[in-house]
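Here is how names work: the chains are called A, B, and so on, in the same order as the sequence lines, proteins then strands, and each is numbered from 1. What's counted below: heavy atoms across the whole structure, side chains too, no hydrogens, waters or symmetry copies.
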Number of protein chains: 2
Amino acid sequence: MVSAAATLFSARGYHGTSMQHLGDALGLQRGSLYAHIGSKEELLFDVVDSGANHFLARAEGILASDAFARVKLERLLVGHIETATLHLDAATVFLNEWRYLSEEPRRVIQTKRDRYEQIVRLIIEEGVAAREFRGDADVRFAATLVLSAGNWTYAWYRPGGELSPTEIGKKFAELVLRGLEA
Amino acid sequence: MVSAAATLFSARGYHGTSMQHLGDALGLQRGSLYAHIGSKEELLFDVVDSGANHFLARAEGILASDAFARVKLERLLVGHIETATLHLDAATVFLNEWRYLSEEPRRVIQTKRDRYEQIVRLIIEEGVAAREFRGDADVRFAATLVLSAGNWTYAWYRPGGELSPTEIGKKFAELVLRGLEA
DNA sequence: GCTCGCCAAACAATCGTTTGTTTTCGACCG
DNA sequence: CGGTCGAAAACAAACGATTGTTTGGCGAGC
């Protein structure tokens with residue numbers, strides 16, 4: 001149910017997907033879906049939240065791990081792109097459609113987004129403090145660059161390309177780290 | 001008309017914006033809008049196309065100009081972010097809602113997107129050929145990184161921040177160039 | 001026998017678009 | 001300058017279709 005919703009929301013957008021579309025995809029009447037969900041928006045929240053959790057789970061693990069900051073940053077970017085490609089639909093909905101949530105659930109997601117951004121910054125700050133990264137590096141911009149590279153993945157990645165998500169992540173990380181390292 | 005549509009489409013999404021919303025914003029009955037447009041989708045195309053043209057116009061000028069590749073690349077990224085922030089609504093719709101166009105108009109936009117991507121790659125290839133950039137630089141990934149940094153701008157930029165779009169662009173360019181230069 | 005999943009049908013509301021009619025406005029002429 | 005005419009712009013109303021959601025009943029499985 002949530003997975004079918006992720007596919008449709010990602011392909012057609014939340015507002016572009018009707019309960020009819022969802023019912024067709026599941027072989028059910030659109031009214032029958034309400035035996036399983038409370039509302040269409042609740043379904044959107046489930047998809048968006050699962051996307052957020054996928055990203056966060058890996059990032060928290062990397063932040064807590066014991067490694068050089070540059071290794072953590074590479075792992076984070078690789079993990080981000082692996083997550084974005086492995087759960088392409090949920091990631092797309094998480095990044096694109098979360099703004100259509102009403103205020104209360106949107107705040108829940110916003111908190112998770114903020115936390116993710118904070119993790120990226122913390123790792124970069126670690127690197128600056130340990131003199132792995134340039135002392136004059138602008139942490140905010142470096143973090144934004146990392147997030148931009150990762151978050152835009154959904155827009156161009158298609159399964160079956162010549163490079164694996166892992167390799168893509170490593171290439172990105174190499175470029176970014178080269179600009180960041182002392 | 002197009003500008004009001006850009007504002008609404010960017011804030012609510014194409015499918016989340018009704019002709020009623022547009023009429024309200026313009027102080028007109030929703031039926032009256034059809035004296036000015038052929039269809040809602042035609043309106044979407046106008047917004048998306050104007051966004052595409054803003055980006056392309058600057059990029060073509062930079063590509064044709066006479067300068068070091070690293071200068072061109074910086075100008076392109078700065079110009080990209082200036083354009084994205086100056087025309088924030090049109091840029092958001094261009095990047096987010098273009099996929100809701102039906103096949104024929106979408107192909108027109110796709111062509112412009114492809115051309116823009118090609119320009120970025122051409123500039124990087126120039127830099128590699130002139131030995132300004134590392135010989136082993138992966139042109140595709142460097143171009144994707146530049147585009148990601150620029151295209152994600154709409155997602156976080158809000159007017160009135162402490163740094164001007166120009167300064168933001170320069171900071172990004174500095175990071176990327178540092179990773180790219182020989 | 002009772003719960004659960006599903007259907008068929010209906011709900012009011014809204015969707016994008018078309019219609020016929022009226023109002024507004026600028027250009028032209030006397 | 002005042003008057004007239006045609007085109008453009010706006011309105012009110014309706015079109016059929018679809019929106020998300022609710023309801024009552026029916027049949028199968030624990």
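- Note: OH (B:Tyr100) to C1' (C:dG16) measures 18 Å, nearest angstrom.
- In this structure, the CG atom of B:Leu43 is 13 Å from the C1' atom of C:dG16, given to the nearest Å.
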- Message: Generate the contact string for nucleotides 24-30 of chain D. Rules: B means base contact, S means sugar-phosphate contact only, - means no protein heavy atom under 4.0 Å.
- Response: -------

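- In terms of heavy atoms, B:Ala149 sits closest to A:Ser148 at CA-CB, 3.8 Å.
- In this structure, A:Ser39 and B:Ala35 both approach DNA chain D, and ranking their closest nucleotides by distance from the 5' end singles out B:Ala35.
- Between B:His54 and B:His87, the ring-plane angle classifies as parallel under the 30° and 60° cut-offs.
- Residues B:Leu180 and B:Ala137 come closest through the heavy atom pair CD1-CB, 4.0 Å.
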- For DNA chain D, what is the dot-bracket line, given that a base pair needs Watson-Crick (N1 to N3, plus N6-O4 or O6-N4) or G-U wobble (N1-O2 and O6-N3) geometry with both distances under 3.5 Å, and | means paired with another strand? ||||||||||||||.||||.||||||||||

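- Two rings, from A:Tyr116 and A:His80, have their centers less than 6.0 Å apart.
- Counting to the nearest Å, the C1' atom of D:dT19 and the CE atom of B:Met19 are 17 Å from each other.
- One can place CG of A:Leu22 at 13 Å from C1' of D:dT19, the figure rounded to the nearest angstrom.
- Residues A:Trp156 and A:Ile168 come closest through the heavy atom pair CH2-CG2, 3.7 Å.
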Just the table, please: protein N/O against nucleotides 7-11 of chain C N/O, every pair under 3.5 Å.
residue: C:dC7; atom: OP2; partner: A:Gln29; partner atom: N; Å: 2.9
residue: C:dC7; atom: OP2; partner: A:Ser32; partner atom: OG; Å: 2.9

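- As rounded to whole Å, 15 Å separates atom P of D:dG20 from atom CD of A:Glu42.
- Both the sub-6.0 Å distance and the 45° axial angle are not jointly satisfied by A:Arg106 relative to the ring of A:Phe45.
- No donor-acceptor contact under 3.5 angstrom links the side chains of A:Gln118 and A:Asp114, judged on distance only.
- Rounding to whole angstrom units, OH of residue B:Tyr34 and P of D:dA10 are separated by 15 Å.
- Side-chain contact annotation: B:Glu42 with B:Ser39, donor-acceptor N/O pair under 3.5 Å absent.
- Shown here for A:Leu33 and A:Leu28, the closest heavy-atom pair between the two residues is CD2-CD1, 4.0 Å.
- Computed from coordinates, the A:Lys40 NZ to D:dT22 C1' distance equals 17 Å when rounded to whole Å.
- The side chain of B:His21 approaches C:dC15 more closely than any other nucleotide in the set C:dG16, C:dC15, D:dG20.
- Proximity note for B:Gln20 (side chain, C-beta onward) versus C:dC15, C:dG16, D:dG20: the nearest is C:dC15.
- Residues B:Val47 and B:Val2 approach most closely at CG2-O, 3.7 Å, considering heavy atoms.
- For B:Ser18 and C:dT14, the shortest distance from a side-chain N or O to OP1 or OP2 is not below 4.0 Å.
- If you take CG of B:Leu33 and C1' of C:dT17, they are 11 Å apart, rounded to a whole angstrom.
- Closest approach of A:Leu8 and A:His21 over heavy atoms only: CD1-O, 3.7 Å.
- Taking side-chain N and O atoms only, B:His36 has a distance below 4.0 Å to OP1 or OP2 of D:dA10.
- A side-chain N or O of A:Tyr154 and one of A:Asn96 form a donor-acceptor pair less than 3.5 Å apart.
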